[in-house]
Amino acid sequence: MSDEVRRSMPLFSMGIVQSLTALTPRQIRYYEQNGLVTPARSKGNQRLFSFNDVDRLLEIKSLVEKGVNLAGIRQVFDLKQETPRPDYKPGEVQEVYHQLSEKELRKMLRKEIENDAGKGNFGLRQGELSRFFH
DNA sequence: TTTCTGACA
DNA sequence: TGTCAGGA
């Protein structure tokens, strides 16, 4: 399966993303309201985030800490042409989704970090996500 | 039990 | 942004 597909799979619940990004649910929902992230939804209307979504949230967090407001952050994404796109098919989400165990989560994070290192991507996740390998 | 939306002493 | 209510 291609990286693009793997990275856009809606797999994470709010709780997981919360610990992954150190953002509050309130902030995450607020950013979504402002179109900064567009997580998928389960049948029960629960948000399902993909690695792409987590990346965006970490970048948002980084920008916010630098004093950039939401309007400014939107500009950044516009410049990067990173239009948040619903990258899933509601029907497919159900089949793939299941509660991720700590073990599975760490396994996937490790793989993502390796992936980043190999491609020389922005080391944002590198530092942030390493928090889970203590 | 976790997450959702709406609202504001 | 925090936090509470009232549901799903």
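Quick caveat: nothing in here was measured; it's all calculated off a predicted structure. Chain identifiers are assigned alphabetically (A, B, ...) following the order of the sequence lines, protein sequences preceding nucleic acid strands; residue numbering begins at 1 within each chain.
Chain A approaches DNA chain B over the interval dT3(B) to dA7(B), counting the first and last nucleotide 5' to 3' with an atom under 4.0 Å from its heavy atoms.
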| request: Show your reasoning for whether side chain to side chain contact (heavy atoms under 4.5 Å, CB included) applies to L70(A) and Y30(A). | output: CA-CA 10 Å; L70(A) 294 194; Y30(A) 181 61; 3.1 Å; yes

| task | Starting from the C-alpha separation in whole Å, work towards a yes-or-no answer on side chain to side chain contact (heavy atoms under 4.5 Å, CB included) for N34(A) and R74(A). | result | CA-CA 9 Å; N34(A) 285 274; R74(A) 268 195 293 274; 3.5 Å; yes

| task | For side chain to side chain contact (heavy atoms under 4.5 Å, CB included), just list the numbers for M9(A) and F51(A), CA-CA rounded to whole Å, side-chain angles, deciding distance to a tenth of an Å, and then say yes or no. | result | CA-CA 7 Å; M9(A) 291 194 297; F51(A) 275 112; over 6 Å; no

| task | Verify side chain to side chain contact (heavy atoms under 4.5 Å, CB included) between V76(A) and L63(A), making sure each step is shown before the conclusion. | result | CA-CA 9 Å; V76(A) 173; L63(A) 260 24; 4.2 Å; yes

| request: Kindly determine whether K111(A) and E104(A) satisfy salt bridge (charged side-chain N to carboxylate O under 4.0 Å, His left out), including the steps that lead there. | output: CA-CA 11 Å; K111(A) 188 173 183 179; E104(A) 294 174 309; over 6 Å; no

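Atom-to-atom distance recorded for F77(A):CZ and R56(A):CZ is 4.5 Å, nearest 0.5 angstrom. To the nearest 0.5 Å, atoms CZ (R47(A)) and CD1 (I28(A)) are separated by 8.5 Å. Going from atom CG of L105(A) over to atom OG of S19(A) covers 7.0 Å, rounded to the nearest 0.5 Å.
Taking every heavy atom of both residues into account, L20(A) and L109(A) meet most closely at CD1-CD1, 3.8 Å. Closest heavy-atom contact between V37(A) and D53(A): CG1-O, 4.2 Å.
In this structure, R47(A) reaches the sugar-phosphate backbone alone: every heavy-atom distance under 4.0 Å involves primed, P, OP1 or OP2 atoms, never a base.
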| note | Per-nucleotide protein contact along nucleotides 2-8 of chain C, 5' to 3', at a 4.0 Å heavy-atom cut-off (B base, S sugar-phosphate only, - neither), is BB-----

| field | Paired and unpaired positions of DNA chain C as dot-bracket, Watson-Crick or G-U wobble under 3.5 Å, | denoting a partner strand | value | .|||||.|

